[in-house]
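So that the names make sense, note that chain A is the first sequence line, chain B the second, and so on, each numbered from 1.
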Protein chains: 2
Amino acid sequence: MGGPLDAAPSAAGSGPASLHDATPESTAAFHSVGFTVSTIGYAVARDFRQILAPLELEPREFALLRAVAASEGQSQHAIGDRLQIPPSRMVAFVDALEARSLIERRHNPEDRRTRALHLTGAGRELIDRAFALAVGHEQRLCGDLSDAEREQLLALLRRVAAQLGLAPGVHAALLDSVVADG
Amino acid sequence: MGGPLDAAPSAAGSGPASLHDATPESTAAFHSVGFTVSTIGYAVARDFRQILAPLELEPREFALLRAVAASEGQSQHAIGDRLQIPPSRMVAFVDALEARSLIERRHNPEDRRTRALHLTGAGRELIDRAFALAVGHEQRLCGDLSDAEREQLLALLRRVAAQLGLAPGVHAALLDSVVADG
DNA sequence: TATTGTTATACTCTATAACTATA
DNA sequence: TATAGTTATAGAGTATAACAATA
């Protein structure tokens, strides 16, 4: 949702009464950690999508390429498991990347049911280019922060993540196709 | 996407080479501000959706209710504009809330094309309950942070938002139905 | 002629469940 | 009988464009 989605008013403990006064979203919106992190997270994801667009690569395709690169030769199912992508969705994703000769399916002689995923040379090159763009994106995001401030931000965010019971490294958005990274 | 979506490796300047080594997402993932804020933002949104679920209210419906509350009597179009919701989508949203007698459309004698939106008593009550849940959510998110740390986190996030050219208070996710707040 | 609200159509994405081939 | 991959079907959500009423 949008501006009015902010759930915490200017004063955290002011209570529901402030909902009905004349001060709308514009002033109260950015005082809630929940709304702020959700808003910025979404904007970052959208921004990253645009950053990757020139490569004709979606964030989730970048994620998939990276997963294949990280453990080459794994079965389609295994990689889908790690990314929490159901088997039937993996098919289309792998199809698209294979059609562009970025990855390839190979038969596994030991178990002819499985298809081992491997990167091609073109796939490696594209990952490198995407990675360079991502690093640039990250640097732009943090352009206003010193190294110490950046570490501080990450430390604070991790403590919020812990409150959510969030497992490090797993982006739930994968399932819903909202994805991004810097 | 998921874990492998992190674009920045453990060392921010290490470069694409680290893509091909044996260290996968698990260790590198949470070192990028972009990935971290996007991941947590998504998790917060999902969490908030579950918080609201007992009220049978979606985050975007909460946002819409709040927008109506903030400027009662505004036309459907005006409120849609503020929330960046196109007119044709507003119809279904307002239909749903009106069917539950949370808001109502009234004819405007001065311009009979427009429908002024007003909250009902039930709508006000539901907002209050949703708001209480949102405050609890925010407190849980920040349960591990002192007041000073919370302000620090918000200040750092705002500086990242500024780098993105993000207008305070407008949650772009409204358009894409990924929405939340604490 | 422009605008508000509405409706209709087509398209995308996803989940679910069959289906095959191997094991 | 179970599993990896695939395909088919149906459903949700959305964008786009037409439409009616009013200005």
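- If you take CZ of R115(B) and P of dG5(C), they are 8 Å apart, rounded to a whole angstrom.
- Regarding L83(A), its CG atom lies at a distance of 14 Å from the P atom of dT14(C), rounded to whole Å.
- Between the side chain of E61(A) and the backbone N or O of E58(A), at least one donor-acceptor pair lies under 3.5 Å.
- Taking atom CD on Q76(A) and atom P on dT3(D), their separation rounds to 17 Å, with Å as the unit.
- Rounded to whole Å, the distance from NE2 on H77(A) to P on dT6(D) is 13 Å.
- Taking 4.0 Å as the cut-off between side-chain N and carboxylate O, R150(A) and E138(A) count as a salt-bridged pair.
- Atom C1' of nucleotide dG13(D) and atom CD of E61(B) are separated by 14 Å, given to the nearest angstrom.
- Atom-to-atom, CE of M90(B) to C1' of dG13(D) comes out at 17 Å; the value is rounded to the nearest Å.
- Partners of A122(A) by side chain to side chain contact (heavy atoms under 4.5 Å, CB included), not counting sequence neighbours, listed by chain and number: L102(A), T120(A).
- You'll find the side chain of V160(B) reaches within 4.5 Å of the side chain of L145(A), heavy atoms only.
- Shortest non-hydrogen contact noted between G34(A) and L141(B) is CA-CD1, 3.7 Å.
- Of the candidate nucleotides dT6(C), dT4(C), dT6(D), dT6(C) has the atom nearest to the side chain of V91(B).
- When all heavy atoms of F93(B) and L64(B) are compared, the pair lying nearest together is CB-CD2, 3.7 Å.
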Just by protein heavy atoms under 4.0 Å, how would nucleotides 16-23 of chain D read 5' to 3' in B, S and -? BB----BS
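- To the nearest angstrom, P of dC13(C) lies 9 Å from CZ of F93(A).
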